[in-house]
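Keep in mind that the numbers below use all heavy atoms, side chains included, and drop hydrogens, waters and symmetry copies. Below, read A as the first sequence line, B as the second, and so on, with proteins coming before strands; counting in each chain starts at 1.
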Protein chains: 2
Amino acid sequence: MNIYDLAREAGVSIATISRVINNHPQVSEKTRKKVNEILEKHNYTPNAFARGLVIKSMKTIGVLTIDIRDLYYATVAYTIEQEFSKLGYSVILCNTGGNTQKKINYMKMLAEKNVDGLILVGSVFKDKKLNKAISQLAKNIPIVMVNGFLEAENVYSIICDDSYGIAMCVDYLYKKGHKDIIYLQDAKTYSAQAKSEGFSHGMIKNNLVLTPFSILNVKKGLKGGYHAVEHLITCKQNFSAIIAGEDITAVGAIKKLKELHKQIPENIAVIGFNNSIIAQCSDPELTSVDNKIETIGIGAVRILNDVFEGRNVPSKTVITPNLVIRKST
Amino acid sequence: MNIYDLAREAGVSIATISRVINNHPQVSEKTRKKVNEILEKHNYTPNAFARGLVIKSMKTIGVLTIDIRDLYYATVAYTIEQEFSKLGYSVILCNTGGNTQKKINYMKMLAEKNVDGLILVGSVFKDKKLNKAISQLAKNIPIVMVNGFLEAENVYSIICDDSYGIAMCVDYLYKKGHKDIIYLQDAKTYSAQAKSEGFSHGMIKNNLVLTPFSILNVKKGLKGGYHAVEHLITCKQNFSAIIAGEDITAVGAIKKLKELHKQIPENIAVIGFNNSIIAQCSDPELTSVDNKIETIGIGAVRILNDVFEGRNVPSKTVITPNLVIRKST
DNA sequence: AATTAAACTGTAAGCGCTTTCAAAATTTAA
DNA sequence: TTAAATTTTGAAAGCGCTTACAGTTTAATT
């Protein structure tokens, strides 16, 4: 069933059909009603390809995340999807696993599909090849980077000030009397980079000793935190507090600490990041940095929509996190 | 830059351009090479609308989940996306919040966008209105239901035998000497329905007493489990084991049990469902039913692809779960 | 060298829609 | 009642691609 069939049945031209479908005002009430009845009757849905060919928009945006199974990305993606859905857009979701080539392939595919915009969530720090691809693509499609940054035409960033978030943790722990603080870094993203910097700054600012051993590179996930503590103990390193780049890493650390019969927070304080449900599941409940995931998701959508509608948009938006204090500190 | 521009530049016809883009064999090596060079040079990407208009396929499928922030749905969606990506398809993700009308709206939108197929993850049990919409839509688009079932033309199901999964838990607990077992049900999906049935069957099979209080309806999430235990205690109900419909619910229950200084598993045994990362984060680590999420996701993609390629597909596929035993029992 | 077959390329139609421009119908003004 | 202004409608072009069919070139066969 297409526009021609409908036109024939209604005894009008295809132009008229098109007009009522698109709510153009210059159609008489009478014909509008007649056409609408026929549309209803056939439960007609216009062909998006044909329409897209003319309009050049599919009302679709692409979202690239690293791995949707990670609650952080899931929440960002969820928020974006819900917000865009309100605006009549749908989102194509891509899981890149953080792989640059995969990202580029996805971007190319999305370009072919003529998405109206692109949101990249979580970028590797200073990925030259990717950045080139992004600036290239941005010539045709507006791009928003969530927790990533790139100076280029038609690309916009919205980031959480993760650096400040971690610095806040250091301040807080310092006030509680902690001197030997360890930071567990678990990724090499733009965001992870910021966190490390925030840690260093926080330590220095409070005149705490920052050694090359203060920052520990660990694997993602439970095991990362678990093995980190193991390592700290075998190396006989002194520490009274641990800050982890993600809640799950913190929980892994807690697990090992408990096995070693350390009391939390009496012997060792632990702080996580993301303020996810895991922080609440943890025993003891985990103090964690709330990095405002929903705010960021909503912001990303807003930015893109503003661009669509020709409004002026700052190329960088920064959101301030805050510390949620629970039982682990 | 379109096919005409390219044709002019290459000194060939648009048909030839199209042929090399689509790897048709009947193009001479010489012209193929020449055209490819020009394609490269302009970094040309064909217009998917125009192509879709002819081919009637966008190489896109729609996935409806309840809430991607739930790890279960995230994992299903992730698996589906990755598998389809290998086949050259992209997926449009929709979060319905379990709302029937929203589901129907999404389905209509996806139909307009001419998705090649649809996967519905997690259906409410016996939702008449939705089922009607599904059978209607399936006339045009093949639909796969994950953990849902509907007898209709062109709709296929892949489900985990959740009923058996819970029955297994009962068997296991019975062998461990438990008699008073409580089941915490937290949803009204097809899957939740199956779980309750499995519980009842398991209890009866083992000649255990099944009272109306054996099955407790609780809210989703941590609090559901927490309040459930609270309720059991205030009602002075006798129980030595709890089976929860989801890991997070089990963790909530554990939390309250600990507050009441109950030893787990010595005083009370607890079992979760989904075998998610939460089961590993829990302290003690949670025994949980592995409902084979990846297997199901891969299966769903396979089914849809088989349909696309005209192969014969059974209308119902059942996957058997298994019990992962950890420290909580 | 002439004929036939095979390989390659081009023309043109059509996918289903939006939109411009002109024509027809209606309303308003004179 | 007629002319002018306004509202409503329709014809046709074009969006960028695929593909059937016809035409042209090249290779193979006699």
Side-chain angles (χ1 to χ4, degrees), chain A residues 1-39 42-60 88 108-116 140-141, chain B residues 1-39 42-60 88 108-116 140-141:
Chain A
M1 176 67 49
N2 63 25
I3 238 191
Y4 288 89
D5 301 326
L6 296 168
R8 200 175 314 118
E9 186 164 340
V12 298
S13 76
I14 58 163
T16 301
I17 302 285
S18 175
R19 287 194 187 100
V20 348
I21 290 171
N22 295 289
N23 285 312
H24 285 229
Q26 70 270 44
V27 179
S28 72
E29 243 351 281
K30 205 174 108 201
T31 53
R32 180 184 301 280
K33 189 157 163 264
K34 183 174 62 182
V35 170
N36 268 325
E37 270 166 17
I38 292 176
L39 292 181
H42 293 286
N43 195 17
Y44 169 79
T45 57
N47 180 312
F49 295 144
R51 166 178 270 168
L53 196 52
V54 180
I55 308 286
K56 285 159 182 21
S57 158
M58 185 69 155
K59 285 267 180 187
T60 301
K108 176 152 188 176
M109 185 179 81
L110 292 169
E112 280 181 29
K113 296 203 169 162
N114 278 285
V115 292
D116 300 292
N140 301 313
I141 304 171
Chain B
M1 176 67 51
N2 62 26
I3 241 196
Y4 287 90
D5 302 326
L6 296 168
R8 201 174 316 118
E9 186 165 339
V12 298
S13 75
I14 58 163
T16 301
I17 302 284
S18 174
R19 287 194 188 101
V20 348
I21 290 171
N22 295 289
N23 285 312
H24 284 232
Q26 70 269 44
V27 179
S28 73
E29 244 349 283
K30 204 174 109 203
T31 51
R32 179 184 302 279
K33 187 155 163 266
K34 183 173 61 180
V35 170
N36 268 327
E37 270 166 17
I38 292 177
L39 293 182
H42 293 286
N43 196 18
Y44 170 79
T45 56
N47 181 311
F49 296 142
R51 167 178 269 166
L53 195 54
V54 180
I55 309 286
K56 284 160 183 19
S57 157
M58 185 70 154
K59 285 268 181 186
T60 301
K108 178 155 185 174
M109 185 180 82
L110 292 168
E112 282 182 28
K113 296 202 170 162
N114 277 286
V115 293
D116 300 291
N140 301 312
I141 304 171

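To the nearest 0.5 angstrom, B/K56 atom NZ is 8.5 Å from A/F49 atom CZ. Here the OG1-CD1 distance, from A/T16 to A/I21, works out to 11.0 Å after rounding to the nearest 0.5 Å.
Remark: side-chain polar atoms of A/N114 are not paired, donor with acceptor, to backbone N or O of A/S57 under 3.5 angstrom. Not a single donor-acceptor pair under 3.5 Å links the side chain of A/K108 to the backbone N or O of B/T45. Without hydrogens or angle criteria, A/N2 side chain to A/D5 main chain gives a donor-acceptor distance under 3.5 Å.
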- Task: Between protein and nucleotides 13-18 of chain C, map the contacts as a letter string: B base, S sugar-phosphate only, - none, heavy atoms under 4.0 Å, written 5' to 3'.
- Result: -BBBBB
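Taking 4.0 angstrom as the limit, B/T16 places a side-chain polar atom (N or O) nearer than this to OP1 or OP2 of C/dG10. Of the side-chain N and O atoms in A/S28, one or more sit less than 4.0 angstrom from OP1 or OP2 of D/dT9.
A heavy-atom distance below 4.5 Å is not found between the side chains of A/K113 and A/M58.
Atom NZ of A/K34 is separated from atom C1' of D/dT9 by 11 Å (rounded to the nearest Å). The interatomic distance linking B/Q26 (CD) with D/dT25 (C1') rounds to 15 Å, in whole Å. In this structure, CZ of B/R32 is placed 13 Å from C1' of C/dA7, rounded to the nearest angstrom.
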